[in-house]
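All ligand and atom numbering here is 1-based and tracks the order in the structure. Source: prediction; values computed, not measured.
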Amino acid sequence: MTNEELKNSLLMAPKNGYTTLTADQRAEMEAYCKRYMAFMDACKTEREATTWAAAEAEKRGFVPAVPGMEIKPGDKIYMNNRGKAIILAVIGTEPLSAGSNICAAHVDSPRADLKPNPLYEDSEIAYFKTHYYGGIKKYQWVTVPLALHGVVYRKDGSVITVTVGEDDSDPVLMISDLLIHLSGDQMQKTASQVITGEQLNVILGTEPLAGEGSDLVKLHIMKLLNEKYGLIESDFLSAELTIVPAGKAREVGLDRSLIGAYGHDDRVCAYAELEALWSIGTPAKTAVCILADKEEIGSVGISGMQSEAFEYFMGILCDGQGVNLYECFANSFCLSADVSNAFDPNFAETCDRRNNSKLNYGVAIFKYTGSRGKGGASDASAEAMGHIRTTFDNAGVLWQIGTLGKVDQGGGGTVAAYMANRNIVTVDAGVPVLSMHAPMELVSKLDCYHTLLACKAIYLA
Ligand code: MN
Ligand code: MN
């Protein structure tokens, strides 16, 4: 054998996905990405994504889970977890004792939540005070158009939905930065101090109400909120209002090969899971699609992946077949579908190029995440990695290896560890992202498309 032949038979030779993309696949990819972008425009918070998914599921015959219900192959069942997370299942022909195939993504993204007493006036400018949610570079969130999304539980018990800044006729909001001319001191600070958390104050208005009094700009804003939404100031306490980047998802690049949007992490995997679930018919094993909340702050709380809401839902399914929940978990597989760091040549020194995912090389499989010696990772076994690799290969899914940066460079986690803690074999895989957690993140259309194929392959494994 020549060295060339040896090389071809022994060594990996990853190829850019465009070299193997067929014309049919390209058409599917473009159509899929259009639908994904529409989803992104409609859903910027976990609540919006949950509401959207529940409505789409009902259109497709999914019904809410009810304790005591009978469960048979082909049934489509979902649980809306208090409007903030959703789990959907298509019951397989095999009993749940044979396990389920789970894809788990999250639908919360980093942002700036309003404080419980947010509205104030300073120097005749009205502001909202915020407390950021998830990991952000705070300096990225100033001088960009922002929108207000959320719900308010009013004093009278009614709940109203608020969205300002998305319609073309809406105003947007903004956080100011210091002009460069006076930034001598600011420019000497470290990036984490250039804009502090307490400076993430959102400008709401500047026009005082006519007449006598103090804080008349604040009062004007409160009056506007009262006229439009019936709000009084104490209603902010029983609200979940959040500041997110305003605007729609956009094609990026002269070749339109990328999609720029707020919150690809992790709605890009959530959407792939949903479309895959719609397409599988009745699978052999029960397919379970999870869209979780609170991943960005540790998967805690009632709607996070550590919550027993998952056991509650799966328990209803297992009870419906007289199956033991623990047996179902022990035989289940979970794809923790979350985004990864795409290699960025601008910051090459932060990554190990041989082990980092790249744009257009397909869904990135992670054996482990975590930080400082894999701390906090679920660290999938050789067998689990073998299963996912074979499953993807057999289904024609383009995949690549991923790791989150150089050793000791930083790190991060996903829901994987919490699924594995349940005695469910779990592997991380997802779409590589540039500028993760920035107000605008970038993904490649090709990787989005192969993540759709990846979710489908897992459900049908
Ligand atoms: Mn994520
Ligand atoms: Mn994240």
Using 4.0 Å as the upper bound for N to carboxylate O, is an ion pair formed by D408 and R372? no
Short N-O contact, E30 and K34, less than 4.0 angstrom: no
State whether a side-chain donor-acceptor pair under 3.5 Å links H264 with E441. no
Donor-acceptor pairs under 3.5 Å, side chain of residues 449-456 to any protein atom, not counting sequence neighbours: which ones?
residue: Y449; atom: OH; partner: E28; partner atom: OE1; Å: 2.8
residue: H450; atom: ND1; partner: L398; partner atom: N; Å: 3.1
residue: T451; atom: OG1; partner: D447; partner atom: O; Å: 2.8

Restricting to pairs with a member in residues 238-261, which pass ring-ring contact (aromatic ring centres under 6.0 Å, His included), not counting sequence neighbours? none
Just to verify, what does S378 make a side chain to side chain donor-acceptor pair (under 3.5 Å) with, not counting sequence neighbours? none
Residue-atom pairs from the protein, N, O or S only, that lie under 2.8 Å from the Mn ion (ligand 1): H106 NE2, D265 OD1, D338 OD1, D338 OD2
